[in-house]
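Take a look at the structure below.
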Amino acid sequence: MTALAAPPPAPPERTKTRLLELVKRHGPQTAQDLAQGLEVSVPAARRHLCDLQEQGLIEARTERPGGRGRPQHVFVLTERGEAAFPKTYSSLCVDVLRHIEGLFGEGAVLKVLDARNNEIISHFEQDVPANLPLGERVQGLVNRLNNHGFDAVVHQEGEQWYFTQRNCPNLTVARQYAQLCTAEKTLYAALLGVPVERETRMACGQGNCRYRVGPPTS
């Protein structure tokens, strides 16, 4: 009787996805736990863990099981790793804004967003002083945007500064509430201390949001 060939190993990316799912479902996991769940060797599990750590999707911690016993290394999802799983934040946000608008009128949404802007401005001014050159302030803004998933880049054409957002984490909300885009542009101008104009807008179906910083140079 001919022995059946062993099934081929799962592709590396599929194995990494399964690893993330195990951590998501079961909480902090040791390399041994994950190897058992994936049905791979511990060294193989560690290789995948190393790749996922480099991608910023998981991180290692030292914990005592149940608060007692010897400390052991466990792996948990980072904020970025959590974001890889479906969320309903956008629908929740739309529902909240709809109720605010229904209860307090159209202008209430913009007032809420303006209050949020004021809080953001206070934190930004601590990290990016107003006396820095404009280019450095634009880069500081872009760094913050990237920390929140906007995939933004800075570029300069002659003496004119621009930055472009190639992703909008709030696109679902922005398509229904233009006030979000209005508040965003107002926020950028306040943070940079110069006029900011939006030249393209993803919420209108364009491929990105491109902003011109400061008045046009002659």
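All values below were derived from every heavy atom in this structure, side-chain atoms included, with hydrogens, water molecules and symmetry-related copies excluded.
Looking at His99 and Val96, their side chains never come closer than 4.5 Å, going by heavy atoms from C-beta outward. Between Arg210 and His155 the shortest side-chain heavy-atom distance falls below 4.5 Å. Looking only at side-chain heavy atoms (C-beta outward), Trp161 and Val196 stay at 4.5 Å or farther from each other. Between Arg61 and Pro28, the closest side-chain pair of non-hydrogen atoms is not below 4.5 Å. Counting only heavy atoms from C-beta outward, the side chains of Thr15 and Leu19 never approach each other to under 4.5 Å. Taking 4.5 Å as the limit, some side-chain heavy atom of Gln32 sits within range of a side-chain heavy atom of Arg46. Here the side chains of Glu101 and Gln179 are in contact, with some heavy-atom distance below 4.5 Å.
Annotation for Leu171: hydrophobic cluster partners, listed by chain and number, are Met202 (ILVMFWY side-chain heavy atoms under 4.5 Å, direct or chained).
By the neighbour-count criterion of 12 heavy atoms within 6.0 Å, atom CD of Gln36 is sparsely surrounded, having that number or fewer from other residues, nucleotides or ligands. Heavy-atom neighbours of Glu39 CD from other residues, nucleotides or ligands within 6.0 Å: at or below the threshold of 12.
Of all non-hydrogen atoms in Phe75 and Ala60, the two that sit nearest each other are CE2-CB, 3.8 Å. In plain terms, the two heavy atoms of Ser122 and Glu119 that are nearest each other are OG-O, 2.6 Å. Summarising the geometry of Val42 relative to Ala31, their closest heavy-atom pair is CG1-CB, 4.5 Å, with the distance given to 0.1 Å. Smallest separation of non-hydrogen atoms from Val109 and Leu97: CG2-O, 3.8 Å. Closest approach of Val76 to Val23, counting heavy atoms only: CA-CG1, 3.8 Å. When all heavy atoms of Pro71 and Thr62 are compared, the closest pair comes out as CB-CG2, 3.6 Å.
In the hydrophobic cluster analysis, where Ile, Leu, Val, Met, Phe, Trp and Tyr join through side-chain heavy atoms closer than 4.5 angstrom, Tyr162 is grouped apart from Leu132. Tracing side-chain contacts under 4.5 Å through hydrophobic residues (I, L, V, M, F, W, Y), one reaches Leu77 starting from Leu38; they form part of the same cluster. There is a path of hydrophobic side-chain contacts, each under 4.5 Å, that joins Val112 to Val94. Each of Leu110 and Leu180 belongs to its own hydrophobic cluster when Ile, Leu, Val, Met, Phe, Trp and Tyr are linked at side-chain heavy-atom distances under 4.5 angstrom.
Inspection of the Asp51 and Gln55 side chains reveals no N or O donor paired with an N or O acceptor under 3.5 Å. Side-chain N/O atoms of His48 and Arg18 include no donor and acceptor closer than 3.5 Å.
Proximity of a side-chain donor or acceptor of Thr78 to a complementary backbone N or O of Leu57 within less than 3.5 Å is detected. Side chain of Arg166 to main chain of Val153: no donor-acceptor pair is present (N/O by atom type, distance under 3.5 Å, no hydrogens or angles).
Ring geometry for Tyr188 against Phe163 counts as perpendicular: the plane angle is over 60°, on a 0 to 90° scale with 30° as the lower cut.
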Does Val128 form a side-chain contact (heavy atoms from CB on, under 4.5 Å) with Leu141? I'd like the steps, not just the answer.
CA-CA 8 Å; Val128 186; Leu141 171 58; over 6 Å; no

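Under the 4.0 Å criterion applied to side-chain N and carboxylate O atoms, Asp95 and Arg98 are assigned as salt-bridge partners.
Each of Lys185, Arg201, Glu184, Glu197 was evaluated against Tyr211; a single residue qualifies, Glu184, per the side-chain hydrogen bond (donor to acceptor under 3.5 Å, both in side chains) test.
For Arg175, the salt bridge (charged side-chain N to carboxylate O under 4.0 Å, His left out) criterion is met by no residue, not counting sequence neighbours.
The OG1 atom of Thr30 sits 11.0 Å away from the CD atom of Glu63 when rounded to the nearest 0.5 Å.
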